Amino acid sequence: MGILSVLLQRLDFSAEVFFRGAFCGSNHFPVQPMYGHLHLVRQGAVTLTQNDGIALQLQGPAVAWYPRPHAHGLSTGDGAAELLCAHIHLAGDDAMVRALPYCLHLALVPLPALTATLALLFDEAHQAPLGHDLVLKRLCEVLIVQLLRHSLQHKLISSTTLPDMADGALCKAMHAMQAHPGVKWSVAELAALCGMSRSRFARQFHAVLGCPPAQYLNQLRIGRAQELLRQGKRVQDIALEVGYSNQPAFTRAFRAATQWSPRDWLARNGGDSPGWQSGQALAPKMDKL
């Protein structure tokens with residue numbers, strides 16, 4: 001199995017487009033727990049500035065992806081740019097997520113495959129056919145896969161910086177938790193699936209994934225709960241489905257992971273995402289999809 005296939009098996013991501021169109025001026029993106037950002041530039045020049053002062057210059061067509069929550073600013077200077085921006089929820093293997101660069105950015109002029117996907121995204125963004133939102137989500141996800149593939153091929157991501165991807169001993173436990181996050185898995189049960197003693201399994205799991213099994217399972221549960229919230233399911237039903245004995249216990253765990261109650265999180269991250277804050281000299285005003 002190739003390194004990209006293994007990487008994609010251990011990551012789970014979804015996209016939520018919240019802006020497309022012409023933009024001039026500047027805007028700031030604060031840290032949003034559990035979300036990164038994808039910025040696509042079809043035409044024009046954009047500067048992305050981190051809080052540490054590092055600035056990235058993008059000349060369209062170009063793409064920049066912040067896999068993890070990372071505060072940054074976006075500015076077009078005195079000009080204008082055609083943009084498409086999305087929240088990216090990246091979950092799965094926490095150690096793998098942490099090993100990715102804080103930002104992947106590419107000029108797309110010499111990259112026909114990525115340029116073609118970018119063109120499809122902007123064409124779809126300017127239409128309103130049936131399934132419009134779903135197509136935009138999926139195209140963003142395709143672009144991320146292409147971006148990861150290019151980054152691995154050209155050493156923008158080094159496989160030596162990623163957690164041990166050849167360790168198949170833990171796969172059965174990971175797949176069991178991913179398939180059934182609502183089960184009250186014990187370390188002993190997971191260790192038995194992998195043919196290990198309880199102590200060896202716990203040590204190896206933490207060494208490879210950077211967290212204990214219980215923390216990994218909780219991340220899976222919260223991610224599944226977010227999917228169910230977006231589907232309109234009731235909080236009390238979600239609590240039981242993802243493995244909590246009652247709604248208060250689920251709400252406490254959800255708040256600890258996201259800083260929001262389930263209902264407040266859904267209000268902020270459900271339909272229209274609020275991630276584009278009012279900036280300076282916006283002309284025209286940015287539209288939400």
Side-chain angles (χ1 to χ4, degrees), residues 6-16 31-37 65-70 87-102 141 144 148 161-165 167 169-191 193-194 201-231 233 235 237-266 268-270:
V6 177
L7 179 61
L8 294 176
Q9 279 190 350
R10 292 171 64 171
L11 293 177
D12 181 28
F13 50 85
S14 60
E16 185 78 32
V31 169
Q32 290 184 279
M34 302 184 74
Y35 284 88
H37 285 92
W65 176 36
Y66 293 89
R68 300 181 298 280
H70 193 91
H87 298 298
I88 304 296
H89 176 236
L90 184 63
D93 185 332
D94 189 57
M96 192 73 72
V97 173
R98 295 197 307 268
L100 293 175
Y102 80 91
E141 292 162 7
I144 288 174
L148 287 170
T161 67
L162 299 174
D164 183 5
M165 300 185 70
D167 189 343
L170 302 175
C171 286
K172 289 184 178 180
M174 292 171 62
H175 290 165
M177 287 188 282
Q178 291 165 4
H180 305 287
V183 171
K184 294 181 176 9
W185 294 104
S186 69
V187 174
E189 288 171 331
L190 294 170
L193 288 175
C194 299
F201 170 78
R203 287 196 305 271
Q204 189 161 334
F205 195 99
H206 196 287
V208 172
L209 297 175
C211 66
Q215 182 178 339
Y216 180 83
L217 179 59
N218 187 61
Q219 292 168 352
L220 293 175
R221 287 175 169 176
I222 297 302
R224 176 59 178 158
Q226 290 171 333
E227 294 175 6
L228 296 174
L229 283 167
R230 282 200 171 108
Q231 293 172 17
K233 291 201 173 185
V235 174
D237 294 335
I238 294 173
L240 297 176
E241 184 168 341
V242 299
Y244 294 91
S245 57
N246 54 59
Q247 182 177 335
F250 165 65
T251 299
R252 286 194 298 271
F254 194 96
R255 189 186 295 275
T258 67
Q259 302 180 15
W260 302 96
S261 71
R263 290 188 176 90
D264 288 343
W265 180 89
L266 182 62
R268 295 173 62 88
N269 299 278

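Predicted model only: the values in this text are computed from it and were never measured. Numbering of residues begins at 1 and proceeds along the displayed sequence.
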Would you check if the side chain of E227 reaches a backbone N or O of R224 as a donor-acceptor pair within less than 3.5 Å?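 The answer is no, because no donor-acceptor pair under 3.5 Å joins these two groups.
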
Does W185 reach the main-chain N or O of H180 with its side chain, forming a donor-acceptor pair under 3.5 Å?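 Yes, W185 side chain to H180 backbone: donor-acceptor pair under 3.5 Å.
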
What are the two closest heavy atoms between [X] and [Y], and how far apart are they?
X: L190; Y: P213; answer: CD1-CB, 4.2 Å
X: F250; Y: P262; answer: CE2-CG, 3.6 Å
X: F205; Y: M174; answer: CE1-CG, 4.2 Å
X: R255; Y: S261; answer: NH2-CB, 3.4 Å
X: A239; Y: N246; answer: CB-O, 3.9 Å
X: I222; Y: A257; answer: CG1-CB, 3.9 Å

Within 6.0 angstrom of E189 CD, more than 12 heavy atoms from elsewhere: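 Enclosed.
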
Between H89 and Y35, ring centroids under 6.0 Å: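 Yes, they do, as the ring centres are separated by less than 6.0 Å.
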
Taking atom [atom1] of [X] and atom [atom2] of [Y], what is their separation to the nearest 0.5 Å?
X: L170; Y: M177; atom1: CG; atom2: CE; answer: 8.5 Å
X: T251; Y: R263; atom1: OG1; atom2: CZ; answer: 7.5 Å
X: R221; Y: F254; atom1: CZ; atom2: CZ; answer: 14.5 Å
X: I238; Y: L266; atom1: CD1; atom2: CG; answer: 8.5 Å
X: W260; Y: W265; atom1: CH2; atom2: CH2; answer: 12.5 Å
X: L100; Y: L11; atom1: CG; atom2: CG; answer: 6.0 Å

side-chain contact (heavy atoms from CB on, under 4.5 Å) assessment of V235 paired with L229: CA-CA 7 Å; V235 174; L229 283 167; 4.1 Å; yes

Could you walk me through whether L220 and Q178 pass the side-chain contact (heavy atoms from CB on, under 4.5 Å) check? CA-CA 7 Å; L220 293 175; Q178 291 165 4; 4.0 Å; yes

Kindly indicate whether the side chain of W65, heavy atoms from C-beta on, has any atom under 4.5 Å from the side chain of L90.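 Sidechains of L90 and W65: in contact.
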
Do the non-hydrogen side-chain atoms of H70 and H37 ever get within less than 4.5 Å of each other?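 A side-chain contact is absent here, since even the closest heavy-atom pair is not under 4.5 Å.
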
Apply side-chain contact (heavy atoms from CB on, under 4.5 Å) to the pair Y244 and K184, showing each step before the final yes or no. CA-CA 9 Å; Y244 294 91; K184 294 181 176 9; over 6 Å; no

Identify whether NZ of Lys or CZ of Arg in R68 sits under 6.0 Å from the centre of the six-membered ring of Y102 and within 45° of that ring's axis.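 No, R68 does not lie over the aromatic ring of Y102.
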
